[in-house]
Number of protein chains: 2
Amino acid sequence: MSKTKPIGVNFEELESQCLPHLSVDCVVFGFHDNQLKVLLLKSKFIDEWSLPGGFVGKTETVEEAATRVLKERTGLGEIFLNQFHIFSDPKRSNPGLKPENMKKAGVKLTNYEWLGQRFLSVGFYALVEFSKVDPQPDVFSQTCEWKGIDEVETLMMDHRQILDKALETMRLQLRYQPIGYNLLPEKYTMPELQKLYETILGRELDRRNFQRKILSYKILKRLPERRLGVAHKAPYLYRFDLEKYNQALLDGLSGDW
Amino acid sequence: MSKTKPIGVNFEELESQCLPHLSVDCVVFGFHDNQLKVLLLKSKFIDEWSLPGGFVGKTETVEEAATRVLKERTGLGEIFLNQFHIFSDPKRSNPGLKPENMKKAGVKLTNYEWLGQRFLSVGFYALVEFSKVDPQPDVFSQTCEWKGIDEVETLMMDHRQILDKALETMRLQLRYQPIGYNLLPEKYTMPELQKLYETILGRELDRRNFQRKILSYKILKRLPERRLGVAHKAPYLYRFDLEKYNQALLDGLSGDW
DNA sequence: TCAAAAGTGTTCTAACTACACCCATGG
DNA sequence: CCATGGGTGTAGTTAGAACACTTTTGA
């Protein structure tokens with residue numbers, strides 16, 4: 001007799017196709033309403049939020065696994081993605097996948113053991129354009145939503161630690177690489193870009209110095225258009241000069257923030 | 001009948017105690033004769049060099065695995081160690097552990113399959129004091145030696161890529177963290193420290209500017225002693241002020257190189 | 001006494017900081 | 001017509017680059 005699959009997944013297949021003990025977790029950053037947001041999932045089985053994650057196929061790289069997970073959760077391909085750490089505490093395991101919690105939720109499986117095993121997880125962080133994301137929960141989750149970075153409370157397992165490390169890594173990266181292209185819409189104003197930087201860095205920057213510094217990198221182009229409909233002088237719109245932007249990604253920037 | 005163990009390892013035990021598919025590889029840097037060195041192993045089974053590596057125990061973190069490997073290869077505990085990347089190309093596998101190569105070398109085992117499986121490897125880099133290391137080959141290797149970073153030719157599998165990535169990561173780290181404490185003996189002269197920086201960065205630095213910049217961090221103490229026995233003015237000896245050094249590790253430095 | 005390499009100081013420039021003034025826009 | 005916030009400019013400060021002279025040492 002065929003196995004019950006109340007949550008829409010063939011776990012026997014999963015087990016046969018994925019590496020044991022290894023998963024990926026993604027910290028997906030977006031920027032909206034002058035706030036840094038992160039994509040989170042709420043478990044079907046326990047009352048906790050977690051990062052989007054998944055298993056690694058037997059013939060996949062971890063990057064491919066993360067890309068696949070992100071495609072599923074956001075609908076986006078071609079995502080800016082960076083591996084930043086592997087979390088390997090032997091005690092880390094997903095309580096949302098623990099036999100007792102899944103049974104409590106009425107899930108029937110024969111191979112709880114595989115899901116309940118020890119997992120080491122490779123942390124990735126992704127930068128995406130908020131408005132392009134269509135958040136989709138996975139089979140273990142009831143919802144998938146953006147949360148403001150400051151509103152995030154406790155997360156499942158060590159996911160809070162993973163989130164913090166991702167933030168720290170992104171802040172460091174900001175020192176020597178331009179980011180923003182992946183987080184902002186095609187056109188944006190200088191104050192918007194500044195807000196993004198301030199949000200990531202967690203401190204205010206001088207408006208004029210910021211503008212001068214950013215422009216000195218020569219990675220963005222001012223457009224003749226302006227942002228209209230504001231009760232003050234209309235700011236110019238800019239967009240990244242992709243060629244120079246990518247060159248700067250390779251060469252690195254010089255400044256400190 | 002008990003299994004033949006011509007290379008001194010019980011592989012059944014290894015398999016039962018280690019995670020499948022996962023290994024660690026360490027890029028161990030040392031500094032000697034004004035040269036950056038890296039610790040390499042020469043395989044018993046094929047004519048290739050590789051990085052020190054090992055498997056991950058079922059209840060170990062990857063950090064613990066790397067620490068264990070380094071203890072075995074160098075004799076040192078308390079090593080400065082940094083995880084920097086996970087290498088997960090599904091095609092990567094160790095030719096020195098491939099059945100045909102081990103059989104050719106006369107090794108008799110029943111579970112070649114385990115050794116020949118796909119491995120994902122977590123890359124670590126370590127900074128050690130050259131003179132304190134007592135290089136010890138592992139069971140798969142005939143020798144363990146220091147090689148000048150510029151003399152390293154081809155390495156086994158993707159180890160060359162791992163080495164390059166380690167170097168790149170260390171150079172980046174040099175931008176915002178002091179290193180040197182782990183690579184130099186307790187007392188050293190300013191020109192020696194400068195040579196180390198020049199070697200890591202791969203370019204020459206101005207003697208006077210270097211001294212001023214390093215001293216401005218206030219992480220080292222000038223000793224009343226000088227290095228004698230040189231046919232020129234005797235340079236002062238310095239040592240790191242551990243308290244301030246560690247604080248700087250946490251806070252980060254400001255300068256660019 | 002000389003070559004080699006260390007100690008120390010100055011000048012110039014570029015980058016960052018901290019401000020001030022004017023301008024456009026919607027309410 | 002005014003509050004809000006954007007566009008631009010300038011002076012002061014600090015960090016880095018380039019460079020010169022003096023000192024100590026063993027051979």
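The analysis underlying the following values was restricted to heavy atoms, covering all of them including side chains, and did not include hydrogens, waters or symmetry mates. Proteins come first, then strands; the chains are lettered A, B, ... in the order of their sequence lines, and each starts at number 1.
Centroid-to-centroid, the aromatic rings of B:Tyr197 and B:Phe31 stay 6.0 Å apart or farther. Taking the six-membered ring for Trp and the full ring otherwise, B:Tyr217 and B:Phe240 have centroids separated by 6.0 Å or more.
Across residues 224-232 of chain B, B:Ala231, B:His232 each have a non-hydrogen atom less than 4.0 Å from an atom of DNA chain C (numbered order).
Judged by distance alone, with hydrogens and angles left aside, the side-chain atoms of A:His159 form a donor-acceptor pair with the main-chain N or O of A:Leu51 at under 3.5 Å.
Rounded to whole Å, atom C1' of D:dA15 lies 16 Å from atom CG of B:Leu205. In this structure, A:Ile214 places its CD1 atom 15 Å from P of D:dT8, rounding to the nearest Å. In this entry the distance linking CD of B:Gln211 with P of D:dA15 reads 17 Å, nearest Å. To the nearest angstrom, C1' of D:dG16 lies 15 Å from CG of B:Leu215. In this structure, A:Phe210 places its CZ atom 12 Å from P of D:dG7, rounding to the nearest Å. Rounded to an integer number of Å, the gap from B:Lys213 NZ to D:dT14 P is 17 Å. Remark: P of C:dA18 and CD of A:Glu204 are 13 Å apart, rounded to the nearest angstrom. As a whole-Å value, the separation of A:Tyr217 OH from C:dA15 C1' is 11 Å.
Looking at residues two or more places apart in sequence or on another chain, you find a ring pair (Phe, Tyr, Trp, His ring centres under 6.0 Å) between B:Trp146 and B:Phe130. Take A:Asp251 and apply the salt bridge (Lys or Arg N to Asp or Glu O under 4.0 Å) test, not counting sequence neighbours, and it matches no residue. Applying the salt bridge (Lys or Arg N to Asp or Glu O under 4.0 Å) rule to A:Arg160 yields the partners A:Asp164; only residues at least two apart in sequence or on another chain are considered.
Side-chain nitrogen and oxygen atoms of B:Lys233 include none within less than 4.0 Å of the OP1 or OP2 phosphate oxygen of C:dA4.
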Output a table of nitrogen or oxygen pairs between the protein and nucleotides 19-21 of chain D separated by less than 3.5 Å.
| residue | atom | partner | partner atom | Å |
| --- | --- | --- | --- | --- |
| D:dC19 | N4 | B:Arg208 | NE | 3.3 |
| D:dA20 | N7 | B:Arg208 | NH1 | 3.0 |
| D:dA20 | N6 | B:Arg208 | NH1 | 2.6 |

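No donor-acceptor contact under 3.5 angstrom links the side chains of B:Gln136 and B:Glu72, judged on distance only.
In summary, A:Glu198 and A:Lys195 engage in a salt bridge, as defined by a charged side-chain N under 4.0 Å from a carboxylate O.
Counting only residues at least two apart or on different chains, the side-chain hydrogen bond (donor to acceptor under 3.5 Å, both in side chains) pairs with a member in residues 225-236 of chain B are B:Lys187-B:Glu225, B:Glu192-B:Arg227, B:Arg226-B:Tyr236.
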